[in-house]
Amino acid sequence: MPELPEVEVTRRGIAPALIDHTISHFVVRFPRLRTPVSPEFACLRDLPVTSVDRRGKYIIIRTGSGAALIHLGMSGHLHLVSPDTPVIKHDHIDIVIAGGPVIRFNDQRRFGLFEWFPGNRDPLEDPRLVKLGPEPLEDSFTGQALHERLSRSRTPVKKALMDNEVLVGVGNIYASEVLFASGISPFRKACAVTEQECGVLVKNIREILEKSIARGGTTIHDFSGSDGSPGEYVNELRVYGKKGQPCPVCGTPIEHAVLSRSSYYCPRCQK
DNA sequence: CTGAGCTCCTGGGAGC
DNA sequence: TGCTCCCAGGAGCTCA
């Protein structure tokens with residue numbers, strides 16, 4: 001389930017195959033994703049790629065004549081494969097690189113997004129991206145900045161951390177992990193988190209996301225990187241999915257509650 | 001305006 | 001064995 005680290009691992013995996021190469025065409029086998037795949041993809045030819053960027057959980061492939069905006073949804077993968085690799089179930093779209101490999105988009109649950117922005121239309125100006133909050137790995141994301149945003153919200157802090165208008169890239173798994181590392185209860189109102197605690201949150205968000213990127217992301221059910229290898233950060237998880245198991249710090253059994261999504265926490269360490 | 005809850009989809013697992 | 005039900009997850013949408 002791709003959160004920021006999984007998307008970044010994917011971006012880094014496909015970028016070398018794309019940058020300074022040419023996309024010869026796209027193959028769209030199944031356009032009925034949650035949002036229909038832009039019909040233009042079927043007609044595009046010979047697009048020199050200039051950059052492969054990430055904003056939040058979106059990947060942006062810019063070319064000489066437009067940009068592709070991609071979101072992996074909850075079950076999407078982009079795999080680099082050789083052109084003769086047999087198509088399997090849920091292989092919805094191919095990005096065919098001239099004289100090179102194919103980047104194959106597979107998305108079992110079809111919550112992904114594949115949109116084309118022709119000409120100079122910048123995906124970053126799309127309403128969905130304009131409203132996105134700060135990038136947690138950038139220097140401008142500080143405890144003060146996070147506190148400023150959390151102080152306006154009365155929702156539980158765990159839900160606030162998953163709100164991509166507060167910050168981007170933190171999904172359900174990392175929200176549980178970050179709150180555990182910070183000693184903050186997922187139930188606490190966002191506006192009751194102090195500025196000092198926000199500083200701790202920012203530090204832990206950075207550390208956990210960066211460590212996960214370095215380990216290839218987290219594979220719970222079905223994520224894998226561009227080469228198909230599973231993410232190894234799953235072995236580093238301390239509370240997520242560990243209901244009833246002893247807290248790694250104090251030994252108290254980890255508890256589970258539904259806070260928009262499954263949440264895991266230590267009732268003793270997290271206040 | 002804010003926050004809670006529902007929805008899209010598929011497949012794996014639990015329970016009967 | 002085979003069925004039904006529930007759950008996972010991101011994010012847009014509706015409704016109170």
Any A/T155 side-chain N or O less than 4.0 Å from OP1/OP2 of B/dA4: yes
hbond_proxy A/R128 side chain to C/dA11 base (donor-acceptor, 3.5 Å cutoff): no
A/R110 CZ to C/dG12 P, straight-line distance once rounded to whole Å: 19 Å
Sugar-phosphate, base or nothing in reach of A/K189, heavy atoms under 4.0 Å: nothing
Atom-pair distance (CZ on A/F111; P on B/dT10), nearest Å: 9 Å
Residue whose closest nucleotide on DNA chain B lies nearer the 5' end, A/R261 versus A/S153: A/S153
Sugar-phosphate only, base, or nothing, as touched by A/D107 at under 4.0 Å among non-hydrogen atoms: nothing
Crowding at CG, A/D84 (>12 non-hydrogen neighbours, <6.0 Å): yes
Atom of A/V249, atom of A/R238 and distance for their closest heavy-atom approach: CG2-NH2, 3.9 Å
Proximity to the side chain of A/R109 - top-ranked nucleotide from C/dG10, B/dG11, B/dT10: B/dT10
Touch class at under 4.0 angstrom, heavy-atom based, for A/S262 against every strand present: sugar-phosphate
Exceeds 12 heavy-atom contacts within 6.0 angstrom, atom CZ of A/R32: no
Side-chain donor-acceptor contact under 3.5 Å, A/N172 with A/K158: yes
Shortest side-chain distance from A/K159, nucleotide among B/dA4, B/dT10, C/dG12: B/dA4
Among B/dC9, C/dA11, C/dG12, the nucleotide that comes nearest once only the side chain of A/K131 is considered: C/dG12
Nearest-angstrom distance from the residue atom CG of A/L150 to P of B/dT2: 14 Å
Nearest-nucleotide pick for A/P156, side chain only, options being B/dT10, B/dC8, B/dA4: B/dA4
Rounded distance (Å) that lies between atom P of B/dG3 and atom NZ of A/K158: 16 Å
Distance test, side-chain N/O of A/N164 to OP1/OP2 of C/dA11, below 4.0 Å: yes
Side-chain N,O (A/H90) to OP1/OP2 (B/dG11) below 4.0 Å: yes
Proximal nucleotide (of B/dG3, B/dG11, C/dG10) relative to the A/K89 side chain: B/dG11
A/L69 CG - C/dG10 P separation (whole Å): 17 Å
Whole-Å distance separating the CG atom of A/N172 from the P atom of C/dA8: 8 Å
Nearest-Å distance for atom pair CZ/P, residues A/F105 and B/dC9: 15 Å
Under 3.5 Å side-chain donor-acceptor pair for A/H77 and A/T10: no
Protein-nucleotide distance (A/R154, atom CZ; B/dC1, atom P), rounded to Å: 18 Å
Nucleotide nearest A/Q108 (side chain, heavy atoms from C-beta), chosen from C/dA11, B/dG3, B/dT10: B/dT10
Sugar-phosphate, base or nothing in reach of A/R34, heavy atoms under 4.0 Å: base
Worked verdict on A/E197 versus A/R188 for side-chain contact (heavy atoms from CB on, under 4.5 Å): CA-CA 12 Å; A/E197 286 173 319; A/R188 193 166 355 147; 2.8 Å; yes
